[in-house]
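Numbered from 1 within each chain, the chains take letters A, B, ... in sequence-line order.
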Amino acid sequence: MKTRDRIIIALGIIGIFFVFATIQIRNKQYQVEKAYAQAQQEVTSHDLQSILPYKNKYMGNAPNNINLFSHLPLSDYPRNYSQNPDTFTFEIHFEGTASGMGKNRLQKEILYSSVAGFALIDNLQSLKYDFTDQCFTVRRKDIEKQYGDLKALLNESSWHAMQEKLKKTGDVERIFTEVTLRQKKEGMSG
Amino acid sequence: MNKLKEYVDSLFRKYRQTSKIRDLKEEVYTNLEAKRMDLIAAGFSPDEAFDQVRNSITEVDSLIEGNIKIDRFSFCRERMQWMLISLLSVWVITIPLRVFYSVFALSYLLAFVILIAGVYYIYFLKQRGKQCQKQTVYVNILYYRKVKRVVWVLWSMYFLFSFVMTTCVYFGSNLWFSRPVHIDGPYALGNMLVNYFLPLLTIVIPFIFGLNERLALKYEVE
């Protein structure tokens, strides 16, 4: 009798230990996932591997474009998408203001998303970042003028070098001014 | 109906009226009637003869085929212990498998069932155990054997059915359209194996039902 009672207690303890162990492991996994997700919102730590599956020859593949831009740093901002196949333009309509994002972050993320978009979608010619107060248009030829052959960037070392350059605020501001066409909206300031 | 016939009927009331029970009842009645007639012939009044006959047999449990007398407390205690051990073993197995969605709910359900069973077991030891300690009851070993057989047959059918169903879900279209099997990575493989493995855990149900016969024989008393 006592032996069976001991087995019951031992199994109960093992079970409770397993439950706590799995909760701990799950929490650790959650922390890692959270840290990774946070890193994906930062241009200097964004993972190239997470966007490579969306490499495509044609910008006409709307789901692929949406998936690509949903895996880029600006993805934590509520938005919707549209595209114009006649001008090979993909448009992202944000629900918030550009001024609310902070100048430095906005510039870095627009530059990074544009490099990623043009490097991965072969016939994409223009990207439009449409905020409620301002609109920024970036063209492929301007980005290529700054970064050279974009396809050559699609390896870890080149990509990382490009990300490192985005840490320099002065450079970012200069390149951003050169490559973006900024348009203020009526009744808005910033 | 005479008083003796009514009395014999009342002794057999709790048993299902199978042909064997009817024969036994008839035999008991014939013997008691013969005894009653002997007593009347010996000078007893009909009422006195009936009372004596009635007092000579107060239960027929020991006459039923397959009935054995057991120590109720020890029987119930060990049965509950084995039930808890079985459920706990299954629960412990399911905990690491909780990464698979299909096991998650089952694991929590088992924990809940074990908690209730554990609380009842403690209550049994503290309260009910005291009441039925030294108590003996008759159980029918043939009935336990029959139940065990039926549960094993049902479980085998369930296991075979779930095996076939899982195979159809995962490979039905591959077999039907002669397409190659494609499994997307280790998680998908694990998920599939878990779906095959889960029904096997229900083997504790026939095991628990099978305990009755073994434990009844173990705790049989004179």
**Message:** Can you tell me how far apart CG (Asp5(A)) and CG (Leu125(B)) are? Round to the nearest 0.5 Å.
**Reply:** 6.5 Å
**Message:** I need the Ile7(A) CD1 to Leu84(B) CG distance, nearest 0.5 Å.
**Reply:** 12.0 Å
**Prompt:** Which bit of Ser74(B) is near chain A, if near means a heavy-atom gap under 4.5 Å: side chain, backbone, both or neither?
**Reply:** neither
**Request:** May I ask you to check whether over 12 heavy atoms, not counting those of Lys165(A), lie within 6.0 Å of atom NZ?
**Result:** no
**Prompt:** Would the number of heavy atoms belonging to other residues, nucleotides or ligands and lying under 6.0 Å from NZ of Lys55(A) be above 12?
**Reply:** yes
**Message:** Show the nearest heavy-atom pair for residues Ser89(B) and Leu11(A), with the distance to one decimal.
**Reply:** OG-CD1, 3.7 Å
**Message:** So, taking the atom named CH2 in Trp82(B) and the one named CD1 in Ile8(A), what distance separates them when rounded to the nearest 0.5 Å?
**Reply:** 9.5 Å
**Message:** Quick check for you: to the nearest 0.5 Å, what is the distance between Arg4(A) atom CZ and Arg77(B) atom CZ?
**Reply:** 7.0 Å
**Request:** Heavy atoms only, distances under 4.5 angstrom: which of Leu88(B), Ile93(B), Leu87(B) has the most pairs with chain A? Name it, please.
**Result:** Leu88(B)
**Item:** Enclosure of Phe163(B) CZ (heavy-atom neighbours >12, cutoff 6.0 Å)
**Value:** no
**Prompt:** Where do Trp91(B) and Ile16(A) come nearest, in terms of heavy atoms and distance?
**Reply:** CH2-N, 3.8 Å
**Fill in**
Scanning both residues in full, the closest heavy-atom pair of Val92(B) with Phe18(A) reads O-CD2, 3.8 Å
**Item:** Heavy atoms of other groups near Glu65(B) CD, more than 12 under 6.0 Å
**Value:** no
**Asked** In terms of heavy-atom contacts, does OH of Tyr196(B) have more than 12 from other residues, nucleotides or ligands at under 6.0 Å?
**Response** yes
**Prompt:** Around atom OH of Tyr120(B), are there more than 12 heavy atoms of other residues, nucleotides or ligands at under 6.0 Å?
**Reply:** yes
**Message:** Other residues, nucleotides and ligands only: do more than 12 of their heavy atoms fall within 6.0 Å of CZ on Phe209(B)?
**Reply:** no
